[in-house]
Q: 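Right, I'll just put the structure down here and ask away after.
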Amino acid sequence: MQNNIFNKAMNLRMLLTRLATGEDKKEDGEEYINLRGEFVANSFTKALLPEFVTSCRMLNDFWPYIKSRYSTYAERRDYIREAFEPLIAYLEGDKLYLHDNIINQSVESFDCDTVYHMWGKALDRREADPDGAITAARSLLESVCKQILKERNVEYDDSYDLPKLFKTTARCLNLAPQLHNEGILKQILSGVQTTVHGFASLRNELSDAHGQPKGGYKANKRHAELAVNLAGSITSFLIQTHQETLLKSTSN
């Protein structure tokens with residue numbers, strides 16, 4: 001899969017580069033639509049696309065866009081190459097993990113723009129911007145909890161910190177550990193709750209949300225991967241539980 005989609009990303013970049021540099025003013029608009037459509041259809045790859053590909057639905061839309069921003073071919077070529085780098089570097093590294101795709105399916109099915117945006121942002125920054133990835137990962141959890149509470153008409157205060165927000169959400173989804181007597185289930189749910197508490201502390205200590213003193217500990221790639229993977233897994237778990245319980249209630 002990765003080799004195929006990587007080649008398509010390169011073809012899309014080259015198609016736009018040829019048009020922007022006057023190499024071929026009769027580029028195939030249908031090819032652009034097909035390539036763009038494949039990346040836009042997947043919320044993960046869509047999040048990594050250059051902004052101009054997302055906004056330019058037709059190939060003809062791109063020419064006035066690039067022409068108005070850069071006058072020289074060299075500038076246009078460099079701009080397009082840099083804009084595609086997040087997507088191509090990720091695909092080239094063969095890092096489109098199954099884990100990401102499973103979470104991605106849950107996020108897509110939830111149909112919430114904020115959650116969708118934060119998940120894409122967390123993935124996008126996971127390697128290049130660990131601090132930003134941790135911040136986005138926490139925002140992802142906060143967003144999914146608030147949206148679930150909103151859909152279930154459960155009141156909450158905007159001043160709630162992440163642990164309290166999560167506890168409120170877990171309670172309304174019957175995921176609070178104290179609501180269960182089964183040993184193994186109670187242990188798992190307690191672990192999730194503890195993870196959220198630890199995650200909040202991780203973000204406070206390592207993310208870019210708080211200024212760090214000179215010589216302070218700096219987040220790196222492994223911290224970002226931990227934060228994004230934890231947040232993504234918990235988000236997926238909450239979404240699936242929310243949807244399944246709603247489905248049961250409507251079918252009864």
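The structure displayed is predicted, hence computed values, not measured ones.
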Q: Side chains of E151 and F110, heavy atoms from C-beta outward: is any pair under 4.5 Å?
A: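 Counting from C-beta outward, E151 and F110 do come under 4.5 Å.
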
Q: Determine whether V53 and V40 fall in the same hydrophobic cluster, where Ile, Leu, Val, Met, Phe, Trp and Tyr are linked whenever their side-chain heavy atoms lie under 4.5 Å apart.
A: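 V53 and V40: one cluster.
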
Q: What I'd like to find out is whether the side chain of F39 reaches to under 4.5 Å of the side chain of K46, using heavy atoms alone.
A: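 Not in contact.
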
Q: Could you tell me which non-hydrogen atom of P130 sits nearest to which non-hydrogen atom of A224, and how far apart they are?
A: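 Heavy atoms only, the tightest pair is CA-CB, 3.6 Å.
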
Q: Does V107 share a hydrophobic cluster with V192, counting links as ILVMFWY side-chain heavy atoms below 4.5 Å and allowing steps through other members?
A: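 Yes, V107 and V192 fall within the same hydrophobic cluster.
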
Q: Regarding R81 and E85, does a basic nitrogen lie under 4.0 Å from an acidic carboxylate oxygen?
A: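 A salt bridge is absent here (no side-chain N lies under 4.0 Å from a carboxylate O).
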
Q: Are I148 and Y116 co-members of a hydrophobic cluster defined by side-chain heavy atoms under 4.5 Å apart?
A: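 Result: yes, single cluster for both.
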
Q: Atom CG in L175, atom CD1 in I234: separation rounded to 0.5 Å?
A: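 If we round to the nearest 0.5 Å, L175:CG and I234:CD1 are 11.5 Å apart.
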
Q: So if you build clusters from Ile, Leu, Val, Met, Phe, Trp, Tyr with side-chain heavy-atom gaps below 4.5 Å, do L149 and F237 land together?
A: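 No; tracing contacts between hydrophobic side chains, which count when under 4.5 Å, never links both residues.
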
Q: Looking only at non-hydrogen atoms, find the nearest pair between Y32 and M58 and report the distance.
A: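 So the minimum-distance heavy-atom pair works out to CE2-C, 3.6 Å.
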
Q: Angle class for the F62/Y65 ring planes (parallel below 30°, perpendicular above 60°, tilted otherwise)?
A: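 Ring orientation, 0 to 90° scale: parallel.
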
Q: If only atom types and distance count, is the side chain of Q243 paired as donor or acceptor with the main-chain N or O of S109 below 3.5 Å?
A: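 Checked: pair present.
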
Q: How long is the straight-line distance from OG1 of T168 back to OH of Y156, given to the nearest 0.5 Å?
A: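 Answer for the OH-OG1 pair, Y156 versus T168, is 10.5 Å.
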
Q: Please identify each residue that fulfils ring-ring contact (aromatic ring centres under 6.0 Å, His included) with Y79, with sequence neighbours left out.
A: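 Expected list: F52, Y70.
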
Q: Looking only at heavy atoms, what is the nearest atom pair of L49 and T54, with distance?
A: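 Residues L49 and T54, closest heavy atoms: CB-OG1, 4.0 Å.
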
Q: Side-chain donor-acceptor pair under 3.5 Å between T245 and R152, yes or no?
A: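 Distance-only check passes for T245 and R152.
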
Q: Would you say CZ of R57 has more than 12 non-hydrogen atoms from neighbouring residues, nucleotides or ligands within 6.0 angstrom?
A: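 It does not: R57 CZ has 12 such atoms or fewer within range.
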
Q: Examine distances only and state if a side-chain atom of T135 and a backbone atom of D131 form a donor-acceptor pair shorter than 3.5 Å.
A: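 It does hold such a pair.
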
Q: Of the non-hydrogen atoms in T21 and Y73, which two are nearest, and what is the gap between them?
A: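 Minimum heavy-atom separation between T21 and Y73: O-CE1, 2.9 Å.
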
Q: Would you say that more than 12 heavy atoms from the other residues, nucleotides or ligands in this model lie under 6.0 Å from the CD of E75, or not?
A: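 Atom CD in E75 is packed in, count exceeds 12.
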
Q: So, for K164 and D161, which heavy atoms are closest and what is the spacing to 0.1 Å?
A: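 What the structure gives for the nearest pair is N-OD1, 3.0 Å.
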
Q: Using side-chain heavy atoms (C-beta onward) and a distance below 4.5 Å, is H223 in contact with I134?
A: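 Answer yes - side chains close enough.
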
Q: Are there over 12 heavy-atom neighbours, none belonging to D111, within less than 6.0 Å of that residue's CG?
A: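 Result for CG/D111: open.
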
Q: Any side-chain heavy-atom pair from C112 and V144 closer than 4.5 angstrom?
A: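 C112 vs V144: side chains apart.
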
Q: To the closest 0.5 Å, what do you measure between CG (L165) and SG (C145)?
A: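 The SG atom of C145 is 4.5 Å from CG of L165, to the nearest 0.5 Å.
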
Q: Heavy atoms, side chains only, cut-off 4.5 Å: are Q147 and H242 in contact?
A: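 When only atoms from C-beta onward are counted, H242 and Q147 do not touch, as no gap falls below 4.5 Å.
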
Q: What do the steps show when you test L162 against V196 for side-chain contact (heavy atoms from CB on, under 4.5 Å), and what is the final call?
A: CA-CA 8 Å; L162 177 58; V196 171; 3.9 Å; yes

Q: First locate atom NE2 of H117, then atom OG of S139, and finally report the distance between them rounded to the nearest 0.5 Å.
A: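 Those atoms lie 9.0 Å apart.
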
Q: L173 and T241: which non-hydrogen atoms are nearest, and at how many Å?
A: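 Taking L173 first and T241 second, the nearest heavy atoms are O-CG2, 4.0 Å.
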
Q: To the nearest 0.5 Å, what is the distance between CZ on R18 and CG on L16?
A: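 Result: 9.0 Å between the selected atoms.
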
Q: Testing the 3.5 Å rule here: is there a donor-acceptor pair between the side chains of S236 and Q240?
A: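 Note: S236 and Q240 side chains meet the donor-acceptor criterion.
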
Q: Which value, rounded to the nearest 0.5 Å, describes the distance between R138 atom CZ and S143 atom OG?
A: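 With rounding to 0.5 Å, CZ (R138) is 11.5 Å from OG (S143).
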
Q: Does the distance from a Lys or Arg side-chain N to an Asp or Glu carboxylate O, for K8 and E38, drop under 4.0 Å?
A: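 Result for this pair is yes, salt bridge flagged.
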
Q: Would L141 and F166 count as a side-chain contact (heavy atoms from CB on, under 4.5 Å) here? Give the steps.
A: CA-CA 8 Å; L141 277 176; F166 177 78; 5.6 Å; no

Q: Between S190 and Q193, do the side chains contain a donor N or O and an acceptor N or O under 3.5 Å apart?
A: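 No, because no side-chain N or O of Q193 sits under 3.5 Å from a partner of the opposite role on S190.
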
Q: Are the side chains of T235 and W119 in contact, using a 4.5 Å heavy-atom criterion?
A: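 W119 vs T235: side chains apart.
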
Q: Would you confirm whether R126, through its side chain, and A133, through its main-chain N or O, come within 3.5 Å as a donor-acceptor pair?
A: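 Checked: no pair found.
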
Q: Applying the side-chain contact (heavy atoms from CB on, under 4.5 Å) test to T17, which of I80, I66, L12 qualifies?
A: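 Single side-chain contact (heavy atoms from CB on, under 4.5 Å) partner of T17 among I80, I66, L12: I80.
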
Q: So does G120 get a backbone contact from the side chain of D124, meaning a donor-acceptor N/O pair under 3.5 Å?
A: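 No; zero donor-acceptor contacts below 3.5 Å.
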
